[in-house]
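Counting starts at 1 for both ligands and their atoms, following the listed order.
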Amino acid sequence: MARKRSVFLCKGCGHESLKWLGRCPGCGEWNTFVEEAAPAGKVARSSRRQDPVALSDIRADLTERLVTGIGEFDRTLGGGIVPGSVVLVGGDPGIGKSTLLLQVSDALARAGEIVLYVSGEESGSQLRMRATRLGVESRAIQVLTETDVSRVLEVADSLSPGAVILDSIQTAYRPEAGGSPGSVTQVRESSAALVRLAKETGTPVFLIGHVTKQGAIAGPRILEHMVDTVLYFEGDKRLSYRILRAVKNRYGSTDEIGVFEMTAEGLVEVADPSGIFVSRERGTTSGSVVIGTIEGTRALLVEIQALTGLTNYATPQRSSSGVDRRRLPLVLAVLERRAGLSLGNRDVFVSVAGGVKVEEPAADLGIAAAVASSYYDVPVDPGTALFGEIGLGGEIRRVALAGKRVQEAARLGYRRVVHPKGAIPKSERPEGVEFVEVGFVGEAIDLLIGGRPGTKARERETAGLREA
Ligand SMILES: Nc1ncnc2c1ncn2[C@@H]1O[C@H](COP(=O)(O)OP(=O)(O)OP(=O)(O)O)[C@@H](O)[C@H]1O
Ligand SMILES: [Mg+2]
Ligand SMILES: [Zn+2]
């Protein structure tokens with residue numbers, strides 16, 4: 001009896017093998033192989049043959065960007081949509097991906113473009129309900145409820161749209177490729193077909209993708225390599241703020257973020273996001289500090305919260321959200337060894353308010369201060385903002401763009417800024433703000449918490465300076 005032909009594919013990189021492998025030779029990951037039906041026939045490749053051309057003869061005006069007018073979206077892309085680019089928009093279920101792309105479609109339609117919105121997930125009437133709620137009415141948005149990619153290509157060919165949106169890549173299907181929608185083969189072949197469409201016609205294509213719990217786009221990682229730009233739409237679903245972040249961009253920086261607020265009428269741009277990441281109730285409770293951080297070209301003021309308490313477990317809990325996971329143990333170790341906190345029997349929780357992520361080392365001082373504030377149960381003055389990287393010796397190091405952080409703090413009414421030594425020249429100091437330089441983590445905590453018993457002695461002790 002003839003067995004059904006199948007192949008094994010790596011979910012991570014798409015590596016193909018005839019038998020199951022524990023470890024992928026392609027990317028080195030373990031347990032990533034899945035069995036899929038082998039492609040039934042040859043999947044058509046592009047028939048168009050290309051000849052070499054001199055780089056200097058290629059028309060550069062092809063890269064003139066399409067500006068949607070949704071500033072936060074354009075900014076994240078690096079200044080608008082590049083013709084012929086393929087953009088993957090990932091995000092957790094229900095975060096607002098379809099809403100965002102429908103609003104982008106509307107903006108493009110208003111700018112005179114025809115938009116082909118392909119929905120494999122929702123019916124036309126579901127889409128219409130959302131559109132009505134968002135006030136999107138344009139006839140220039142053509143809806144195709146279809147999962148077969150060949151049909152999408154056909155329609156795109158006859159419609160010549162200004163942009164194609166595919167909601168979502170996990171539902172896209174190429175019958176000739178074998179396997180079921182969402183499988184490695186299907187996601188790869190469907191994306192490849194859409195990448196070809198984009199490159200051959202210059203039509204920008206947006207692929208919506210679901211993200212798994214681990215934070216990767218479900219389906220092969222290979223997808224991220226195939227597209228030009230990967231955007232993640234994220235945020236704490238219980239809160240209304242959403243952040244659009246570029247994690248890969250062939251046409252711009254990956255530092256930029258776009259900030260939106262989800263409302264009943266759809267996503268509203270938050271052009272001045274700094275204030276939203278600081279809760280209004282702060283000031284009376286311990287464990288909360290405000291730091292000046294940089295996201296892309298923008299300075300943001302962000303609240304870091306910490307909670308410490310005696311543990312009930314053999315190993316104390318360390319948990320963080322929104323801060324760099326690798327920095328937390330480092331900061332805690334420095335607090336123990338250089339600033340006299342005794343955290344070995346305490347749980348430590350650290351989080352950043354508002355669902356924003358702060359990955360830069362400039363947040364170290366903020367993490368340290370929040371933990372210390374909770375540890376001593378002494379609130380930090382709510383009018384103080386701070387920033388600084390912490391070295392292993394407990395020294396506070398300078399960080400980039402200090403002036404920008406300070407200006408933002410001053411603009412939002414912070415009266416005092418605690419920062420690394422020499423970070424801000426006198427000439428760059430806004431009036432009405434007190435500048436306090438700190439050189440050492442213990443010194444910073446003494447200053448922010450005030451009156452810690454025995455700290456100086458402990459510092460000398462850890463520094464090995466205690467007199468015999
Ligand atoms: N009437 C409403 N008022 C406010 N917000 C709403 C309303 N209806 C929907 N939303 C918001 O829109 C979100 C869903 O948006 P959308 O369908 O665009 O998400 P998605 O990322 O495409 O989801 P999926 O993964 O299911 O495709 C909801 O989680 C909710 O936050
Ligand atoms: Mg959706
Ligand atoms: Zn692999």
- Closest protein heavy atom to atom 20 (P) of ligand 1, given as residue, atom name and distance to 0.1 Å: K97 N, 3.4 Å

- Message: Other residues, nucleotides and ligands only: do more than 12 of their heavy atoms fall within 6.0 Å of CZ on R250?
- Response: yes

- Crowding at CZ, R110 (>12 non-hydrogen neighbours, <6.0 Å): no

Residue [X] vicinity, atoms of ligand 1 by number, heavy atom under 4.0 Å:
X    : value
S98  : 18 (O), 20 (P), 22 (O), 27 (O)
M262 : 11 (C), 12 (O), 13 (C), 31 (O)
E121 : 27 (O)
T263 : 4 (C), 5 (N)
P93  : 25 (O)
A264 : 2 (C), 3 (N), 4 (C)

So, [X] and [Y]: side-chain donor and acceptor under 3.5 Å apart, yes or no?
X    : Y    : result
S183 : T185 : no
T311 : Q317 : no
E121 : H210 : yes
S119 : D167 : no

- Query: Strictly under 4.0 Å, does any heavy atom of G96 approach an atom of ligand 1?
  - Reply: yes

- Measure the distances from the heavy atoms of R130 to every atom of ligand 1 and state whether one is below 4.0 angstrom. yes

Can an N or O of [X] be found at a distance shorter than 3.5 Å from an N or O of ligand 1?
X    : result
R133 : yes
T99  : yes
G94  : yes

- Message: Within 2.8 Å of the Mg ion (ligand 2), is there any N, O or S atom belonging to S98?
- Response: yes

- Note on the structure: Shortest non-hydrogen pair, V205 vs A198, comes out as CG2-CB, 3.9 Å

- Kindly give the heavy-atom pair with the smallest separation between T285 and P379, and that separation in Å. O-CB, 3.6 Å

- Task: Look at the aromatic rings of H419 and F387 and report parallel, tilted or perpendicular, splitting at 30° and 60°.
- Result: parallel

- Given atoms SG of C24 and SG of C10, what angle do they subtend at the Zn ion (ligand 3), to the nearest 10 degrees? 110°

- Under 4.0 Å between heavy atoms, the region of R242 that gets near ligand 1 turns out to be side chain

- Does E189 reach the main-chain N or O of R174 with its side chain, forming a donor-acceptor pair under 3.5 Å? no

